[in-house]
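Quick one: this structure, given as structure tokens, is what I'll be asking you about.
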Number of protein chains: 2
Amino acid sequence: MTTSGGPPTVETIAERAGVSIASVSRVLNGHGARPNTVRRVEQAAAELGYVPNGVARSLKGGRTRQLTFAMPDVGNPAYVSMVRQIQAVTKPLGYRLLLHSTDAVAEDELDVVRSLADRTSDGLILCPIRVTDAHLEVLARAARPVVVIGSLPDAAAVDSVRADSVHGTALAVRHLVERGRRRIAFINGPADTVPGHNRALGYRAALREAGLTPDPGLTVTTEFGIEAGTRAAHRLLQARPDIDSVFCANDQLALGAAHAAHDRGLRIPDDLAVVGMDDSELAMAGQPALTSVDLGSAERGRLAAQMLVARLEGGDHPVRCETVPPRLAVRASTAGVRGAAAAPGPATADAADAGGRVAAGSAS
Amino acid sequence: MTTSGGPPTVETIAERAGVSIASVSRVLNGHGARPNTVRRVEQAAAELGYVPNGVARSLKGGRTRQLTFAMPDVGNPAYVSMVRQIQAVTKPLGYRLLLHSTDAVAEDELDVVRSLADRTSDGLILCPIRVTDAHLEVLARAARPVVVIGSLPDAAAVDSVRADSVHGTALAVRHLVERGRRRIAFINGPADTVPGHNRALGYRAALREAGLTPDPGLTVTTEFGIEAGTRAAHRLLQARPDIDSVFCANDQLALGAAHAAHDRGLRIPDDLAVVGMDDSELAMAGQPALTSVDLGSAERGRLAAQMLVARLEGGDHPVRCETVPPRLAVRASTAGVRGAAAAPGPATADAADAGGRVAAGSAS
DNA sequence: GTGAAAGCGCTAACAA
DNA sequence: TTGTTAGCGCTTTCAC
């Protein structure tokens with residue numbers, strides 16, 4: 001059965017053009033042929049509306065030109081901005097992007113890495129919520145290149161891009177101190193994660209650096225989410241009405257905290273300064289607009305994509321580990337006590353500018 | 001060359017287990033074999049850490065178990081909630097999800113449909129910004145099942161799920177009228193799209209229904225975005241300080257408008273009531289929380305996924321076209337003139353409750 | 001129940 | 001330059 005009912009294949013074209021399938025393949029891949037052959041093949045292909053079967057091609061070539069991105073939550077703006085940057089890097093190179101939402105379930109993350117063995121994807125960018133020993137084990141045996149967005153032990157032979165939440169947090173605290181705040185509360189996300197732990201470290205370190213004594217009663221831990229932020233802030237303001245500012249582990253929490261403050265009749269920033277984290281669109285949505293620490297989600301996504309592509313297309317090279325420095329976007333929610341609005345465009349300062357030593361060792 | 005250096009294949013296992021590759025395949029697919037054979041094959045597979053090559057499987061079977069979702073913008077919360085629902089439906093069925101951000105470029109959308117011919121994906125959910133004749137032509141020849149999220153001519157033989165922006169808009173306007181507002185402005189998104197056009201229709205119709213005369217000076221058209229909303233609202237409030245409420249074509253615009261109102265010293269809702277659209281997380285982020293029309297992004301995503309799966313797995317069935325009714329989430333930004341806060345949980349009302357006739361003909 | 005062999009659609013090595 | 005042919009790894013007849 002030569003020309004059957006299905007979609008056209010190289011064989012269909014070969015028959016129609018009166019050449020062999022090898023010639024068809026050559027012409028279609030630009031591997032040179034006699035002008036006359038080229039013309040006939042191209043015409044036949046056009047007439048039949050031929051599109052090469054990508055699966056067959058992949059089977060032969062061993063590459064699918066598909067990349068996978070696995071992150072905890074599609075809904076989180078920080079990950080969405082990673083998706084956007086990854087697309088920006090890989091799409092022009094002809095890669096398709098497979099999306100995986102792990103809902104922060106570790107077993108799901110492991111499965112994604114394991115499934116690289118099915119040859120369905122050429123590489124993976126993994127954004128785990130927490131790296132366990134099981135992760136390291138599975139990553140070591142990964143069938144395809146993987147780039148991790150997050151902190152890995154130095155021993156792990158895996159490319160990675162990390163944020164620096166220690167210094168990011170410090171950036172926020174220092175900024176509040178500079179604006180004259182002294183009783184700086186902290187609404188942290190889940191503490192049993194690497195970033196959560198590092199933010200707590202950065203917070204305490206920056207307070208001490210400023211000559212302030214960390215007060216355990218000023219730290220609250222909760223899940224991420226606007227409503228969670230509202231509840232946490234109410235609890236905090238109830239127990240400690242003396243605080244003059246609050247730093248939140250992401251913009252959702254900060255927005256929730258701002259709501260709570262308004263409910264209690266507090267003015268922002270006069271009575272309470274608020275700082276968020278991630279510098280997502282939500283920060284602009286605040287009333288007033290929120291100062292926010294940008295941990296470089298977009299930059300991390302871009303770097304990870306570039307590293308993965310380099311691993312796939314470049315030759316072998318040593319394991320890379322990049323750390324993206326945090327930046328502070330200053331807005332009206334931390335304006336000086338005089339209540340003056342911040343400059344129109346958000347002022348930014350990277351960790352170094354703000355007096356930070358971006359120590360690679362303690363980075364996360 | 002039998003057992004080479006690459007990853008294990010059916011042949012590797014066959015050798016190790018001392019059986020034929022056919023038996024390996026049968027055992028691995030649960031097609032019955034002698035207990036002893038089963039045991040030996042399973043053991044060999046386990047020892048080798050065998051994972052079937054998905055590409056080879058697809059080539060043979062003609063299905064990739066991959067689905068594609070193409071939408072205008074990964075960053076838009078409305079599409080993100082579609083992604084989440086699509087995942088929820090398809091992941092348990094063993095499908096992977098390919099994501100495509102078309103940036104609202106029509107040619108990109110067409111390419112996605114055309115590329116179905118490469119057999120790399122089993123089906124597509126397409127969310128076009130505007131359906132042109134070229135779309136219809138390409139859709140008619142699609143190599144794989146497609147479900148469109150959006151409005152299609154009745155003649156198109158393509159499954160589709162549509163929102164009802166006409167009635168969604170009317171819901172918002174009626175609600176404002178009920179709350180005693182009379183000078184209701186409208187900040188619309190790009191007007192040269194089907195939804196943009198329909199929102200304009202719904203706005204005017206609802207005003208007339210309430211006995212109010214649409215005033216062209218009260219409608220402003222702009223791009224989507226928080227800052228665009230702020231600028232549009234400033235323009236509006238400058239030219240027409242008499243307005244008592246504003247309806248915005250999405251939550252970003254509404255948030256921007258709320259900012260502008262605050263800047264001008266207007267109180268929400270007392271001086272200006274604000275209604276958004278999409279009922280995204282941004283609505284909760286407003287100060288006060290924004291009343292918002294939910295056009296059912298999540299529901300549309302879920303339905304589209306179910307329709308696609310039905311098309312792929314069920315037998316043939318007639319073309320389906322579902323319309324998702326809008327809902328109104330009432331929050332503090334439209335509280336009554338007395339300034340009382342809305343009930344804690346958002347009250348919702350579907351189009352029918354609010355007195356609408358959900359006419360299929362005019363739906364979009 | 002099991003094995004040999006065909007073939008999914010393509011690319012590339014080899015011959016002519 | 002062109003055609004013949006051998007696989008890529010898998011599933012599935014078809015004999016035995």
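To find a chain, count down the sequence lines: A is the first, B the second, and so on, and within it residues start at 1. Being a predicted model, the structure only gives us computed values, none of them experimental. What's counted below: heavy atoms across the whole structure, side chains too, no hydrogens, waters or symmetry copies.
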### Message
Of the options dC10(C), dG9(D), dG1(C), whose atoms approach the side-chain atoms of Thr37(B) most closely?
### Response
dG1(C)
### Query
Just checking Val55(A): base, sugar-phosphate only, or nothing, at a heavy-atom cut-off of under 4.0 Å?
nothing
### Message
Rounded to whole Å, please give me the gap between CD1 in Ile13(B) and P in dT2(C).
### Response
16 Å
### Query
Between atom CD in Glu15(A) and atom C1' in dG9(C), what is the gap in whole Å?
14 Å
### Message
For the backbone of Gly54(A) and the side chain of Ser58(A), can you confirm whether one donor and one acceptor N or O come within less than 3.5 Å of each other?
### Response
yes
### Summary
For Arg130(B) and Glu109(B), the nearest pair of non-hydrogen atoms, with its separation, is O-OE1, 4.2 Å
## Note on the structure
By nearest-heavy-atom nucleotide on DNA chain C, the more 5' of Asn36(B) and Val51(A) is Asn36(B)
### Task
Could you tell me whether the side chain of Ile125(A) reaches within less than 4.5 Å of the side chain of Met71(A), counting heavy atoms only?
no
### Message
Tell me the interatomic distance from Arg65(B), atom CZ, to dC10(D), atom P, rounded to whole angstroms.
### Response
18 Å
## Note on the structure
Nearest heavy-atom contact between Arg162(A) and Cys321(A) is NE-SG, 3.7 Å
### Message
If I compare all heavy atoms of Val55(A) with all of Arg119(B), which pair ends up nearest, and what's the gap?
### Response
CG2-O, 3.2 Å
### Task
Please check the phosphate of dG3(C) (OP1 and OP2 only) for any side-chain N or O of Ser23(B) closer than 4.0 Å.
yes
### Task
Whole angstrom is fine here: how far is it from CG in Asn53(B) over to C1' in dC10(D)?
8 Å
## Note on the structure
Separation of dT5(D) atom C1' from Glu11(A) atom CD, nearest Å, is 14 Å
### Summary
Its contact letters, B for base, S for sugar-phosphate only and - for none at protein heavy atoms under 4.0 Å, make nucleotides 11-16 of chain C read BBB---
### Side-chain ion pair, Lys91(B) and Asp108(A), N-O less than 4.0 Å
yes
### Query
Could you give the CZ-to-C1' distance, from Arg40(B) to dG3(C), as a whole number of Å?
14 Å
## Note on the structure
Between Leu152(A) and Ala156(A), the two heavy atoms sitting closest are CG-CB, 4.0 Å
### Query
Does a side-chain N or O from Thr9(B) land closer than 4.0 Å to OP1 or OP2 of dG9(D), or not?
no
